[in-house]
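Only one structure is covered here, and it is reproduced in the block below.
Numbering of residues begins at 1 and proceeds along the displayed sequence.
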Amino acid sequence: MEPEATPALRIALAGNPNVGKTTVFNLLTGLRQKVANYPGVTVERKSGLLSGHDSAEVIDLPGTYSLSPKSEDERIAYNMLTGRLERAPDVVVCVVDAGNLERNLYLATQITDLGLPLVIALNMVDSAQQAGLTIDTDTLAVELGVPVIATVASRGEGIDALRKAALSRPPVPEARRWPMVDAMSQCVASLSELLPSDMPATHRFMEVLRALADEAAPNLPESRTTEFQRAVERAREALAEGGIDWRHAEIMGRYNFLARVAARAVTRVKEPSERTLTDQIDAVVTHRVAGPLLFFLLLGLVFQAVFAWAVPVMDLIEASVTGLGRLVRNVLPASVATDLLVEGVIAGVGNVVVFLPQILLLFFFLGLMEDTGYMARSAFIMDRVMRKVGLSGGSVLPLLSSFACAIPGIMAARTLDNERDRLITIMVAPLMSCSARLPIYTLFIAAFIPSGVFFGIVGWQGLAMFTMYLMGTVMAFVAAWILKRFVFKGTRSHFVMELPPYRVPKLRQVAWRMVERSKVFAVRAGRIIFTLSIVLWVLANYPSSPEEPTAERLAALSDYRASTAAIAATFGLPIDSLRFGGPEVQRAVEAVESIYEAQLSDIEDAWQSRRIRDSFIGMLGRFLEPVMQPLGFDWKMSAGIVTAFAAREVIISTLGIIYSVEDADETSEALRDRLKADTYDDGRTVYTPLVAISLLVFFVFALQCMSTLAIARRETNTWLWPAVMWIYMTGLAWIFSFVVYQGGLALGYT
């Protein structure tokens, strides 16, 4: 396969968040896009060929307010524009919100100072006109020294002109049109001489400004870094003695320049005191009382959708996977290869596909919230509360989505701008009790928690279920506070959120993002889930299975034949004619067949139980039994916990196999009875109410889900944090279960 040719022209798309940059990108590329990660980081790299021009590539840079990198997104944008990460772009298109001209053009002036050809896409001019602003694009182009194209990306207006302007490769604009005091200019010039001479002068200029403002040292050898930092300190002292505010000199200089540009190019025809439609909506949406109420109503809708609406489709997928497995078994001969194909490959694909309905629904709602402008309001509303536990307002939706499933919740964390907040949200999201825990809660609560009520109102079983959810939620907030304080240390993140105007979402783009996110999950995380499914199948079936119960089957068949012979003798009929006998004969035959089928099922279940016991998983269960005994768990529960790593609810089917209960689920009365009746060799009961509570507590905290680990690996781009996540949650599970079980024993409970 030949390597993919590198396009001759590289166009970088830059801009602040919420300026319509993604819409412009989609229109320029016609949705012919690739999504990958930048090397070594979790930030996504979106690129696509310019529509109608396969020799030109468009790269969508992360949204950023400036090129003074503090966040991961800002660093990626800066490194891309300076050619440190990849080949520098040939042209930069900076998308600007026409209604917030000065703030948006700040980034544009930094791009011109890097010596890059620039085109300004003056977007949302319709919204600016509605707000009473008229912008003279010709005057703006003259003042900035770059082409300015008016666009309304939501309607596709101006995109053809923007495409032509980018393809024309405009000349490099005149650098630094904004004023700087002489002392500051001299200081920057002298410090620039300390940087490598092979670094472009424009890059050296920007590096010195960064170093003076926020102590960001350029990438230099250690000895030269120390020398440069000392020179910077001396320069700061000299500037301070001269009464120059070196921290804000660049900011003030650029904004003074932009204020004059706006004064010449912008005409206001309506007083700013007049309230816009956005202002009127925000009066309700961001209200201190009505805002949170509306937010939680919306979250309830999202939660209901992800939790309940996806269930029929998920059930259909599970049924289809099961049906496909049966079809394959009917077509192919019984063999190890067939077992691997059905239980490993097909089941592994099912473990991936079954999550897609939830992910599609979640990203549908996320897309609507983002495109309408409500996502920024939700973060703003909840930030004050979430900040107290070490998170930001943007963490609310990912955490609440994790009640349905941690996988879409973790994926939703990518909407967080702050990298530390994103990592902490990912690290605590699995503590929210997901829907996969519900079958376990249902089985053990129904079997071991009394069904009565206290105070005549609250049922014990309902209270137990509520307690499970409450414990996980409280621990998630506690863990977030601990992680923020002791693990992810650093400068406190400042929550700066722009509230963009409300817009009508484009369903085509929302649908496209849904499909893209699903592809990312299915292809990247799916590979890991699929591989782990096969590994778990091997562990459950090897080193070797016990001999099949041929003798028991033959004995059951012999009993069946003897019983049918007895029926034939009783009614005086030939054995071959029994099926054509009267109703009494038919009832007798059906009873015998039912007994025979039950015997075969019991024989098969007992053989499967022995097979699990002798497998690697069974061995591991027996190996772990001494560690799990202080929690009240025997080897069977330990083996079930191991298999639950495939998916938490798998423990129910594993216990069903071990206890010879066919098609066991959380509502199976037979499984509940077998659990209650199980005893140790000395006659002690294996499952007591105290053991059941200990097991429930264990599953509240334990990360028993390979799919969650796989998506965490995908989102963090390393196995380190998924490993830390699994270790700390498993540790929490063991400690809390130990306290519950041993504390209960000490108090005399059993």
Side-chain angles (χ1 to χ4, degrees), residues 4-17 19-39 43-64 67 73-74 76-97 104-105 107-124 137 140-141 144-153 156-173 175 200 202-203 509 512 516:
E4 191 174 325
T6 302
L9 180 68
R10 303 192 91 195
I11 303 170
L13 204 61
N16 293 183
V19 296
K21 182 166 63 69
T22 300
T23 304
V24 173
F25 176 68
N26 292 338
L27 291 170
L28 287 176
T29 60
L31 298 180
R32 298 185 306 159
Q33 302 165 13
K34 296 183 296 182
V35 179
N37 275 15
Y38 288 102
V43 177
E44 284 189 346
R45 179 192 188 277
K46 290 198 296 183
S47 64
L49 296 178
L50 186 66
S51 182
H53 300 272
D54 289 349
S55 61
E57 179 188 25
V58 183
I59 302 170
D60 188 15
L61 299 181
T64 177
L67 296 182
D73 284 353
E74 290 174 341
I76 291 295
Y78 182 81
N79 289 337
M80 278 293 297
L81 292 173
T82 55
R84 293 182 178 181
L85 204 57
E86 300 176 8
R87 179 167 69 90
D90 302 297
V91 181
V92 179
V93 173
C94 186
V95 183
V96 170
D97 178 1
N104 280 237
L105 287 176
L107 175 65
T109 63
Q110 290 184 315
I111 294 172
T112 59
D113 285 349
L114 284 174
L116 293 169
L118 179 67
V119 176
I120 299 291
L122 190 65
N123 197 28
M124 297 184 282
T137 54
L140 191 60
L144 296 175
V146 298
V148 177
I149 309 298
T151 64
V152 182
E157 297 177 7
I159 299 301
D160 289 339
L162 182 63
R163 186 183 294 110
K164 292 177 183 177
L167 288 170
S168 68
R169 299 199 187 201
V172 176
T202 52
H203 293 188
Q509 294 183 22
W512 179 83
E516 280 299 306

Looking only at non-hydrogen atoms, find the nearest pair between [X] and [Y] and report the distance.
X	Y	value
Ala56	Ile11	CB-CD1, 4.4 Å
Leu81	Ala12	CD2-CB, 4.3 Å
His203	Thr82	CE1-O, 3.4 Å
Ile59	Glu86	CD1-OE1, 4.4 Å
Gly156	Leu27	CA-CD1, 4.0 Å
Gly145	Pro173	O-CB, 3.7 Å

Close side-chain approach of [X] and [Y], heavy atoms under 4.5 Å:
X	Y	result
Val92	Leu61	no
Leu107	Cys94	yes
Val172	Pro117	yes

Restricting to side-chain contact (heavy atoms from CB on, under 4.5 Å), what partner residues turn up for Ser168, sequence neighbours left out? Pro170

Looking at residues at least two apart in the chain, or sitting in another chain, which of them share a side-chain contact (heavy atoms from CB on, under 4.5 Å) with Ala165? Val119, Ile149

I need the [X] [atom1] to [Y] [atom2] distance, nearest 0.5 Å.
X	Y	atom1	atom2	result
Thr151	Glu157	OG1	CD	9.0 Å
Ser55	Leu167	OG	CG	7.5 Å
Leu67	Asn79	CG	CG	10.5 Å
Arg169	Asp90	CZ	CG	5.0 Å

Hey, is the main chain of [Y] close enough, under 3.5 Å, to the side chain of [X] for a donor-acceptor pair?
X	Y	answer
Asn123	Ala153	yes
Asn104	Asp97	yes
Asp60	Ser47	no
Thr202	Leu114	yes

Result of checking Ile120, Leu118, Val146 against Ile111 for side chain to side chain contact (heavy atoms under 4.5 Å, CB included):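 It is Leu118, the one option of Ile120, Leu118, Val146 that forms the side chain to side chain contact (heavy atoms under 4.5 Å, CB included) with Ile111.
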
Let me know which of Leu122, Val148, Leu140 forms a side chain to side chain contact (heavy atoms under 4.5 Å, CB included) with Val96.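 Testing each of Leu122, Val148, Leu140 against Val96, the sole residue satisfying side chain to side chain contact (heavy atoms under 4.5 Å, CB included) is Leu122.
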
Who passes side chain to side chain donor-acceptor pair (under 3.5 Å) against Asp113, sequence neighbours left out?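 With neighbours one apart ignored, the set is Trp178, Arg254.
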
